[in-house]
Amino acid sequence: MLKNGNGAANFKESHGYIIDGVWYPRVTSIVNIKAKPALYRFYGSVQSFAEGEAIKNRSAEEGTLIHEAVQNFMVGKAVSPDPRTEPSIKALKSFLEAKHIQFVPEWIERRILSFKERYAGTIDALALIDGKFGVLDIKTSQEIYRDFNLQTAAYFDALNESVEGLQTRWILRIDQVQMCLSCGAKRRIKGGREKIRNNGVYCRHNEWSEVVGQVELKEFPHWADDYRAFLAAKKLWEWENENYLKAIGYLR
Ligand SMILES: [Zn+2]
């Protein structure tokens with residue numbers, strides 16, 4: 001954050017959307033108030049804070065690249081194949097076909113707004129899966145973290161104000177790994193850093209498959225409790241940013 005007189009203006013720009021002339025905070029900014037213990041462990045495992053930042057930023061760029069490729073694929077946009085994202089797209093394509101997953105085209109990457117609680121966000125998709133209709137969010141993380149439920153609960157409740165028949169939420173996780181040809185361990189390179197996982201068993205083989213995409217889908221139907229937690233996080237976020245939010249006119 002810049003420490004000049006434009007603090008509130010910068011805050012407004014980076015933490016919210018203006019919709020019909022009114023500023024609303026972003027769901028993703030609000031949920032960032034929750035501490036992530038795994039992040040402290042990560043910073044503790046690298047040489048310096050600067051190195052940690054560099055890895056984290058590179059990894060975020062890689063995630064964004066895959067996320068954008070997935071969005072383009074979902075809306076049927078023709079883009080020239082990128083070897084950095086091809087494995088994900090290929091895996092996603094067969095996953096969607098095998099599970100007969102359908103998307104509502106006009107609800108792909110769309111802005112949502114809660115008038116009631118005054119926040120906004122961008123959903124990845126509304127989907128129809130196994131006869132159920134719900135909110136689907138795409139992640140490129142190594143795991144499906146419970147924290148994601150705060151974000152999707154906020155989307156769910158905002159959409160529930162205007163969309164009929166919403167029943168559930170899903171996280172669709174897409175990842176790219178190499179498999180050990182001998183033991184099945186998985187190797188990920190994220191942000192330039194290598195991670196090998198094999199359920200705690202040490203892999204010493206060092207012969208890897210080509211990069212393959214992996215897709216995991218998980219349903220989180222019980223959103224009400226997550227939504228209460230989101231509102232509590234929002235309250236804490238408002239408390240922490242009270243000065244900016246008053247300067248913007250969001251809080252009195
Ligand atoms: Zn191995």
Side-chain angles (χ1 to χ4, degrees), residues 31-32 34-74 79-101 124-125 127 129-130 136-152 169-220:
V31 298
N32 261 339
K34 187 186 169 297
K36 293 169 189 66
L39 209 54
Y40 301 131
R41 280 195 288 275
F42 161 72
Y43 278 105
S45 72
V46 294
Q47 293 296 313
S48 66
F49 180 71
E51 190 199 339
E53 285 289 277
I55 293 171
K56 198 173 69 126
N57 291 338
R58 260 183 78 178
S59 167
E61 279 167 28
E62 290 162 10
T64 304
L65 197 71
I66 291 175
H67 206 282
E68 279 171 4
V70 166
Q71 293 282 8
N72 286 336
F73 166 74
M74 280 165 63
V79 280
S80 48
D82 182 335
R84 294 170 299 176
T85 58
E86 264 314 278
S88 290
I89 300 301
K90 204 174 147 198
L92 179 64
K93 205 173 162 210
S94 28
F95 188 85
L96 296 181
E97 280 167 12
K99 295 255 177 191
H100 307 290
I101 295 175
D124 286 330
I129 306 174
D130 295 333
L136 181 133
D137 203 65
I138 295 160
K139 299 292 184 195
T140 55
S141 49
Q142 287 179 33
E143 286 173 44
I144 292 179
Y145 300 108
R146 192 169 169 242
D147 284 21
F148 297 157
N149 292 342
L150 296 178
Q151 186 189 349
T152 55
R169 304 172 295 170
W170 299 275
I171 297 291
L172 181 85
R173 189 182 70 87
I174 306 173
D175 199 6
Q176 298 189 161
V177 299
Q178 289 170 283
M179 315 291 284
C180 171
L181 298 179
S182 304
C183 74
K186 289 177 187 174
R187 177 186 193 234
R188 283 181 187 78
I189 299 176
K190 278 213 163 160
R193 203 160 87 126
E194 177 187 70
K195 254 195 185 175
I196 297 172
R197 278 198 190 180
N198 191 20
N199 298 322
V201 183
Y202 181 64
C203 164
R204 53 185 167 76
H205 304 104
N206 209 23
E207 260 196 292
W208 301 100
S209 75
E210 58 182 36
V211 177
V212 291
Q214 292 201 320
V215 179
E216 178 186 9
L217 180 77
K218 205 166 169 189
E219 184 182 2
F220 295 95

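One-based numbering, in listed order, for ligands and for the atoms of each.
Between D147 and K139, none of the side-chain N atoms (NZ, or NE/NH1/NH2) sits under 4.0 Å from a carboxylate O, so this pair counts as no salt bridge. Contact check on E62 versus R188 returns no salt bridge, with no Lys/Arg side-chain nitrogen under 4.0 Å from an Asp/Glu carboxylate oxygen.
A donor-acceptor contact shorter than 3.5 Å is absent between the side chain of N198 and the backbone of C203. Checked by atom type and distance alone, the side chain of R173 pairs as donor or acceptor with a backbone atom of S141 at under 3.5 Å. Formation of a donor-acceptor pair under 3.5 Å by the T85 side chain with backbone atoms of P81 is not found in this model.
Taking a 6.0 Å sphere around CD of E207, one finds it holds 12 or fewer heavy atoms contributed by other residues, nucleotides or ligands.
Atoms of the protein (N, O or S only) found under 2.8 Å from the Zn ion (ligand 1) are C180 SG, C183 SG, C203 SG, H205 ND1.
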